[in-house]
Number of protein chains: 2
Amino acid sequence: MPDEHHPDHAPLELEHFLPYRLSILSNAVSQAIADDYQRRFDLSMTEWRVMAVLARFDGLSAREVAERTLMDKVAVSRALSKLVETGWVTRAIHDGDKRRSVLGLSEAGWAIHEVVAPMAREHERNLLSKLDDEERSWLVRILDKLQAIEPK
Amino acid sequence: MPDEHHPDHAPLELEHFLPYRLSILSNAVSQAIADDYQRRFDLSMTEWRVMAVLARFDGLSAREVAERTLMDKVAVSRALSKLVETGWVTRAIHDGDKRRSVLGLSEAGWAIHEVVAPMAREHERNLLSKLDDEERSWLVRILDKLQAIEPK
DNA sequence: ACGTTATAGTTACATATGAAACCATTTGCA
DNA sequence: TGCAAATGGTTTCATATGTAACTATAACGT
């Protein structure tokens, strides 16, 4: 909790500064997971996110993938070109709109997914195991509130 | 809360996956702050973190700055060379160990700090204002637990 | 003292990322 | 219809970042 006794311009104590703490925690967690599938499948985090979204929503366009993952379209485009090349994602052209692509996991892509999804879940479980039930439910509630549309 | 009814290999629902949520939240928060001081002072996040640490601990070496900020030494080295060049940080050589540098904020550096620190605090307050007291204290407690040394 | 090893910090290179320009196609509307 | 504006997606370029190699100095063990 920010200490009211420090004047506003006093040096920040990074280790108690919420944005900093979130950043450290988030990076540590994401990196641990990413290292895992990176090492085993040479799959980047953006690529995995694209695959995860296509596993749930088959036939999306690239723009829709970008929306769902909150990544920008350039990142998605790059991830897709690699994924299509390695054969884990299929890309067709939308009939009726030649600009749009129609994306989905290939058989091989599903096979990767079958391995990586449980891996990711395992990391999450591991993280949550540090909390008790009460803490877990507060965490979800707090995240929901904090994420209620960032008002700049 | 992860839903027990989904088998482990089912498609991840990113929007309920804790590591993903943390990453989105953390990026949004940090980016909002960074945009702010970036625009006004052409100061990157790593540079600001170096300055924040030097505001609290005068005379650190580069390695110590890296430890305190959890950034790697190359990032710190680069940040420092820019900060020294713009004149916001002073760098001397440790007497008795010519490898070590002795770092600190300059007058100009302090002036920047006086503006940026309150800005950062304001963003944090803004974020925390979405929570009530009870939620805030749970959040701190939860972060403490989650951050208790990542056991890989 | 002296060579080996460790440490502080920088440089070089390879890769990742983001913004803007770009191409193709489609939409909106005069 | 036909042409300006919008949209989907890729390419280009400039910048950021991480890893490994490197330089200089210091510490250690004999």
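Order of the sequence lines fixes the chain letters, A, B, ..., with proteins taken first and strands second; residue numbering starts at 1 for each chain.
Here the P atom of nucleotide dG18(C) and the CG atom of Asp35(B) are 12 Å apart, to the nearest Å.
DNA chain C lies under 4.0 Å from at least one heavy atom of each of the following residues of residues 81-104 of chain A: Gly96(A), Asp97(A), Lys98(A), Arg99(A). Contacts between residues 40-76 of chain B and DNA chain C, counted as heavy-atom distances below 4.0 Å, involve Ser61(B), Ala62(B), Arg63(B), Lys73(B), Val74(B).
His123(B) has its side chain out of reach of Leu127(B): every pair of non-hydrogen atoms, C-beta onward, lies at least 4.5 Å apart. Side-chain contact check for Met71(B) versus Val50(B): some heavy-atom pair is nearer than 4.5 Å.
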* For Asp36(A) and Val116(A), run side-chain contact (heavy atoms from CB on, under 4.5 Å): C-alpha distance rounded to whole Å, both residues' side-chain angles, the deciding distance at 0.1 Å, then the answer. => CA-CA 9 Å; Asp36(A) 216 341; Val116(A) 176; over 6 Å; no

* To do: List the steps and the verdict of salt bridge (Lys or Arg N to Asp or Glu O under 4.0 Å) for Arg63(A) and Glu67(A).
  => CA-CA 6 Å; Arg63(A) 188 186 55 75; Glu67(A) 268 172 19; 2.4 Å; yes

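In this structure Ser77(B) satisfies the side chain to side chain donor-acceptor pair (under 3.5 Å) test with no other residue, sequence neighbours excluded. Applying the side chain to side chain contact (heavy atoms under 4.5 Å, CB included) test to Glu135(A) and every residue at least two apart in sequence or in another chain returns Leu131(A), Asp132(A), Trp138(B), Arg141(B), Ile142(B), Lys145(B).
With salt bridges taken as basic N to acidic carboxylate O contacts below 4.0 Å, one links Arg21(B) and Asp144(A).
First and last contacts of DNA chain D with chain A, using any nucleotide atom under 4.0 Å from a protein heavy atom and ordered 5' to 3', fall at dA6(D) to dT12(D).
Put simply, the side chain of Tyr20(A) gets close to the backbone of Thr69(B): a donor and an acceptor are under 3.5 Å apart.
Between the side chains of Ser44(B) and Arg78(B), not a single donor N or O lies within less than 3.5 Å of an accepting N or O.
Residue pairs that meet the ring-ring contact (aromatic ring centres under 6.0 Å, His included) test with at least one member in residues 52-111 of chain B, sequence neighbours left out, are Trp110(B)-His113(B).
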